[in-house]
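Labels below follow one simple rule: chain letters A, B, ... track the order of the sequence lines, proteins then strands, and each chain is numbered from 1.
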Amino acid sequence: MPGDGLEAGRKPNHTTPSPPPAVFRLHLPLLPYTMFPAMMSRFAVGRSATGLGRAMMSTTPQTTLAKSAAMGRPMSPDLSIYQPQITSVMSGLYRITSIIFAGTFVLSINYFGLTGAHVQKTVNELKSLDVSPAVWTTAKAAIALPITYHFWNGLRHLMWDTGRGFTMPSVYKTGYAVIGLTFASAVGLAMLPCNKECSKKQVPASLQK
Amino acid sequence: MFALRPFINRQAVQQTAAAGALARRSMSTGSAHTAWTVDRLSAVGIALMIPGYFVLPSAAVDSILAGLIPVHLYFGFGSCITDYIPKRSMPFLNRAAGVLSLAVCAATFVSMTHLNSRDIGVTATLRELWSVGGRPKETTYVQSS
C-alpha cells in the first residue's frame with residue numbers, strides 16, 4: 001500500500017555488488033575451463049528476449065551449465081564483480097605473457113629454421129633499417145617485459161612447487177617483488193649496450209685524413 | 001625423476017588445502033607425477049642456463065637449451081589446451097591442438113639444432129638479435145679500409 005513506508009524501506013534486488021571481503025581473496029583464473037564450453041553452448045542455443053521460453057522449448061540442454069547459459073544467467077565465477085587483486089591479475093597476466101613470449105620465441109627461432117636465413121646477415125639487415133634508437137629501445141622493452149615476467153614469476157612458481165610461500169603476506173610480498181624485478185630487468189635489458197661489433201663506427205669525414 | 005623430493009616440504013604442501021590435494025592427487029597417479037617432475041626439471045634447467053651461459057662454453061649451453069626449451073614449450077602449450085580446449089566438450093579439437101603443439105615443438109627443436117650446428121648457435125643468435133638497436137658501449141672509431 002502506498003504510504004505505509006514499506007516501499008521506501010525496500011531496496012531493489014539488483015544493486016551493484018560490493019567488492020568481496022578480504023576472506024574471499026581467492027585465486028581466480030581469468031578464463032576457467034568451465035567458461036569456454038558454456039560460451040560455445042550460448043552460441044548454439046541462442047539468447048533472445050524469451051530466453052527462458054526458448055530454452056524450455058528447444059532441445060533440452062545436456063548440462064546445467066548449458067541450461068544456465070541458454071537462459072542468459074551470468075556465469076560463475078562472474079569476474080566482473082570481483083575487485084582486481086594482485087593475485088588474480090598476476091595469475092592471468094602470467095598466462096597471457098607466457099603465450100606472447102612463447103609465440104615470439106617460436107616464430108623467431110623457426111624463421112631461421114624454416115627459411116634457412118643466416119643470423120648474421122639478418123641482423124645486419126635489421127641494423128641497416130632506418131629506425132631511431134628510441135624506437136628500438138621501446139620495442140626491445142616491449143619484447144623484454146613478457147620474458148622478464150615469465151622468468152621472475154616462474155621462479156615464484158617453482159618456490160610454490162616446493163611448498164613454500166603459501167601464506168597470504170608471503171604471496172603479496174613475492175608478488176610485489178616480481179613486479180619490481182620484472183620492470184627493472186626489462187628496462188635494463190632494453191638499454192643494454194651492444195657487443196663490440198655494433199659499437200664499431202665508421203670514421204666521420206671530418207676526422208679522416 | 002625423484003631428485004626433487006627431499007627438497008619438497010611435504011608438510012607445508014599439505015597445510016594448504018588446495019595445494020595439498022593437488023600434491024596427493026599427482027603423487028598417487030604415477031604418470032601425472034612424472035610429467036609434473038619433467039616439467040619442473042625443464043624449467044629449473046632453463047633457469048640454470050642463465051648463470052651457465054657465463055660459466056659453460058656456449059656450445060654446451062646451446063645444446064642443453066635445444067633439448068629443454070621444446071619440452072618446456074610442450075608442457076606450457078599443454079596447460080593452455082587443457083584449460084581452454086577441454087577434452088570433455090571438444091574431444092577432436094583437443095586432440096588436434098595436442099598434435100599441433102607437438103609439431104610446433106618438434107619444429108622448434110629442429111630449428112634450434114639447425115642454429116647450433118649450421119649457424120652461430122642459439123645463445124649467440126639471441127645475443128646478436130638483441131644487439132640490434134643497442135647503443136654502443138663507447139664510441140670507438142674504426143678506420144674504414
> For B/F75, does the CZ atom sit with more than 12 other heavy atoms under 6.0 Å from it, leaving out its own atoms?
Replying inline: yes
> A/K140 side chain to B/V132 main-chain N or O, any donor-acceptor pair under 3.5 Å?
Replying inline: yes
> Less than 4.5 Å apart, any side-chain heavy atom of B/D83 and any of A/R95?
Replying inline: yes
> Which heavy atom in B/S111 sits nearest to a heavy atom in A/G113, and how many Å separate them?
Replying inline: OG-CA, 3.4 Å
> Which residue out of B/G76, B/A43, B/A47, B/C80 racks up the most heavy-atom pairs below 4.5 Å with chain A?
Replying inline: B/C80
> Which bit of A/F151 is near chain B, if near means a heavy-atom gap under 4.5 Å: side chain, backbone, both or neither?
Replying inline: side chain
> Can you say whether B/T113 sits under 4.5 Å from chain A via the side chain, the backbone, both, or neither, judging by heavy atoms?
Replying inline: neither
>> Does any backbone or side-chain atom of B/I46 lie under 4.5 Å from a heavy atom of chain A? Answer side chain, backbone, both or neither.
In response: neither
> With no hydrogens and no angle check, is any side-chain donor or acceptor of B/W130 less than 3.5 Å from a backbone partner on A/L189?
Replying inline: yes
> Looking at A/I99, A/V106, A/V119, A/T122, which has the largest count of heavy-atom pairs under 4.5 Å with chain B?
Replying inline: A/V119
> Do other residues, nucleotides or ligands put more than 12 heavy atoms under 6.0 Å from A/M159 CE?
Replying inline: yes
>> More than 12 heavy atoms of other residues, nucleotides or ligands under 6.0 Å from NE2 of A/H118: yes or no?
In response: no
>> To check you understand the geometry: which heavy-atom pair defines the closest contact between B/S131 and A/K127, and what is its length?
In response: OG-NZ, 3.3 Å
>> Which atoms of A/F105 are under 4.5 Å from chain B, going by heavy atoms: the side chain, the backbone, both sets, or neither?
In response: side chain
>> Quick check on A/A144 against chain B: is it the side chain, the backbone, both or neither that has a heavy atom closer than 4.5 Å?
In response: both
> Which region of B/L129, side chain (C-beta onward) or backbone (N, CA, C, O), has a non-hydrogen atom less than 4.5 Å from a non-hydrogen atom of chain A, or is it both or neither?
Replying inline: both
> What are the two closest heavy atoms between B/D119 and A/A117, and how far apart are they?
Replying inline: OD2-O, 3.9 Å
> So how far is it from A/I109 CD1 to B/L65 CG, rounded to the nearest 0.5 Å?
Replying inline: 9.5 Å
> Quick one: CG on A/L192 to CZ on B/R127, what's the gap to the nearest 0.5 Å?
Replying inline: 11.5 Å
> With a 4.5 Å limit on heavy-atom distance, are the side chains of A/F112 and B/R118 in contact?
Replying inline: no
>> Within the structure provided, determine whether A/N110 and B/V110 are in side-chain contact (heavy-atom separation under 4.5 Å).
In response: no
